[in-house]
Amino acid sequence: MSVERPDALPAARRPHRLSGGLPGLLAPGATTDPYRLRLYRLLRTDYPLGYDPALGAWLLSRYGDVALALTDPRFTCYPHDGAPRGRAPVPLGLCRGSLVCGPLTVPWSTAAPAVERTAYVLARRIAGRDRADLVADFCRWLPAGAAAAAAGLAHQDLSSAPRGARHRRAPGGAGDCTGSTALREHALASFLANMLDDPDLLGAATAGEARGEGSGSLLGRAWAETLRRDPPVQIVLRRTRTEVAVSGGTIPADAPVACLIGAAGRDPARFAAPDRFDPLRADADPLLIGPAGCPAALLGRLEAEHGLRALLTAMPGLRWADGFRPVAGGLLTRGPRALLIRPS
């Protein structure tokens, strides 16, 4: 496993400002694809700690530093000190870090069948088309549709509602974590893109289902790997309560800190072949996925697993549209802009 210049880490010192022409996170182009521009890699190797004036925060990009900021009680959630500290919920993965984050009040005996039923309804609507966009026709509807179905609403009631109505708080949800479906849309789209990009993995999942073995474990690992490799939330803001030494220097007290989840999740010092989508990787790490018991995270996994099963059942020959390749966009939140497919 390669490590990026481990012998070049400077001793703890006062942090420095970004310089030398390095574009900030909000610069044109960086918001389009910080991976392709190698911005995250440059930050990890040359600027492990630097101040981004446009963002108004110190940047952490190495896995070890980001993990420290997410778990150490010397950091608090931004911007107020009443927010959770340490290993309490932080806005990570699909969890929005609500102070009232708790068990889902809709029972799983209701939620899981509602997710499955909604996924199959949406998949069958797509199956008869010559071409479809899974982002617009599936990923944007499944999270809100599943919540509505769990609350007893008809599918046609949801499909006729304006887009803003599909993002209201999910009935029976737990606080803010299930209040918005946008992050689950991004994560579901990234999951489907990764699976459709890997015919062998897709075939293994399909074969497991056909033999009655179930592919929940494989799909669950693929879901977790998606949240590592293509996190829907790229930046998590924290604030220091005191001075904190990190690999690139020392962050002053009471300073906003931007944890670059997208950079940390692809740090070669922590993950072998970090750009590769590998659900079976031996170095998987649950930290960057978010709280395991968060209701939004649990719903997201249900939507991913049932969503893929429904699509493959309704469209066994599902494949990318001719010449199409998925392209993700966004920096603060990120996901594929479109997923153009041929149902058969």
Side-chain angles (χ1 to χ4, degrees), residues 23 25 27-42 119 122-123 125-143 182-206 218-219 221-234 260-263 265-266 268 271-281 300 303-305 307-312 314-344:
L25 287 179
T31 54
T32 303
D33 196 341
Y35 297 107
R36 182 177 59 84
L37 295 176
R38 299 186 178 181
L39 176 59
Y40 284 161
R41 177 180 178 181
L42 184 59
L122 293 171
R125 289 180 178 177
I126 297 172
R129 305 178 189 177
D130 294 330
R131 180 182 170 108
D133 178 4
L134 291 181
V135 170
D137 300 326
F138 193 81
C139 300
R140 288 179 182 169
W141 290 102
L142 180 54
L183 293 183
R184 302 210 307 274
E185 292 175 10
H186 290 324
L188 177 59
S190 294
F191 170 79
L192 294 177
N194 285 329
M195 294 298 292
L196 289 172
D197 256 352
D198 192 332
D200 292 336
L201 182 60
L202 201 60
T206 304
L218 177 59
L219 294 185
R221 292 175 70 105
W223 171 248
E225 174 71 345
T226 293
L227 295 181
R228 175 203 69 85
R229 182 180 180 273
D230 304 295
V233 176
Q234 294 274 306
L260 306 185
I261 306 299
R266 299 201 191 188
F271 301 101
D275 293 330
R276 186 177 66 207
F277 180 74
D278 181 9
L280 302 179
R281 64 171 53 250
E303 289 156 2
E305 294 185 6
L308 182 63
R309 291 185 184 120
L311 290 170
L312 293 178
M315 297 166 277
L318 177 66
R319 64 187 188 278
W320 292 130
D322 295 342
F324 175 78
R325 294 295 306 158
V327 176
L331 180 66
L332 300 180
T333 60
R334 186 173 178 80
R337 298 166 177 170
L339 297 175
L340 301 182
I341 54 99
R342 291 183 63 87
S344 60

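Throughout, numbering of the chain's residues begins at 1 and tracks the sequence.
Atom CG of L122 and atom CH2 of W141 lie 8.5 Å apart (nearest 0.5 Å).
In this view, R129 and D137 satisfy the salt bridge (charged side-chain N to carboxylate O under 4.0 Å, His left out) rule, not counting sequence neighbours. For R281, the salt bridge (charged side-chain N to carboxylate O under 4.0 Å, His left out) test picks out E225, D283, with sequence neighbours left out. Shown here are the side chain to side chain contact (heavy atoms under 4.5 Å, CB included) partners of L332, two or more places apart in sequence or in another chain: I235. With sequence neighbours left out, S190 forms a side chain to side chain contact (heavy atoms under 4.5 Å, CB included) with T226, D230, P336. Residues satisfying the salt bridge (charged side-chain N to carboxylate O under 4.0 Å, His left out) criterion with D198, sequence neighbours excluded, are absent altogether.
Pairs engaging residues 322-344 under the ring-ring contact (aromatic ring centres under 6.0 Å, His included) rule: W320-F324 [sequence neighbours left out].
In this structure, R266 forms no cation-pi arrangement with Y40, as its terminal cationic atom is not both closer than 6.0 Å to the ring centre and no more than 45° off the ring axis.
Across R334 and Y35, no two heavy atoms sit closer than the pair NE-CE1, 3.7 Å.
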Next item on the list: Under the side-chain contact (heavy atoms from CB on, under 4.5 Å) rule, what do L331 and L25 come out as? Steps first, then yes or no, please.
Entry: CA-CA 8 Å; L331 180 66; L25 287 179; 3.7 Å; yes

Next item on the list: Kindly determine whether L311 and L192 satisfy side-chain contact (heavy atoms from CB on, under 4.5 Å), including the steps that lead there.
Entry: CA-CA 10 Å; L311 290 170; L192 294 177; 4.0 Å; yes

Next item on the list: Check the pair L134 / L188 against side-chain contact (heavy atoms from CB on, under 4.5 Å), numbers first and verdict last.
Entry: CA-CA 10 Å; L134 291 181; L188 177 59; over 6 Å; no

Next item on the list: Determine, stepwise, if the pair F138 / L339 fulfils side-chain contact (heavy atoms from CB on, under 4.5 Å).
Entry: CA-CA 10 Å; F138 193 81; L339 297 175; over 6 Å; no

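Under a 4.0 Å N-O distance rule, the pair D278/R229 does not qualify as a salt bridge.
Residues R140 and V135 form a side-chain contact, since some pair of their non-hydrogen atoms from C-beta on lies under 4.5 Å apart. Counting heavy atoms from C-beta on, the side chains of L218 and L280 come closer than 4.5 Å. Looking at L196 and L318, their side chains come closer than 4.5 Å, going by heavy atoms from C-beta outward. Put simply, the side chain of R228 reaches to within 4.5 Å of the side chain of P274, judged on heavy atoms.
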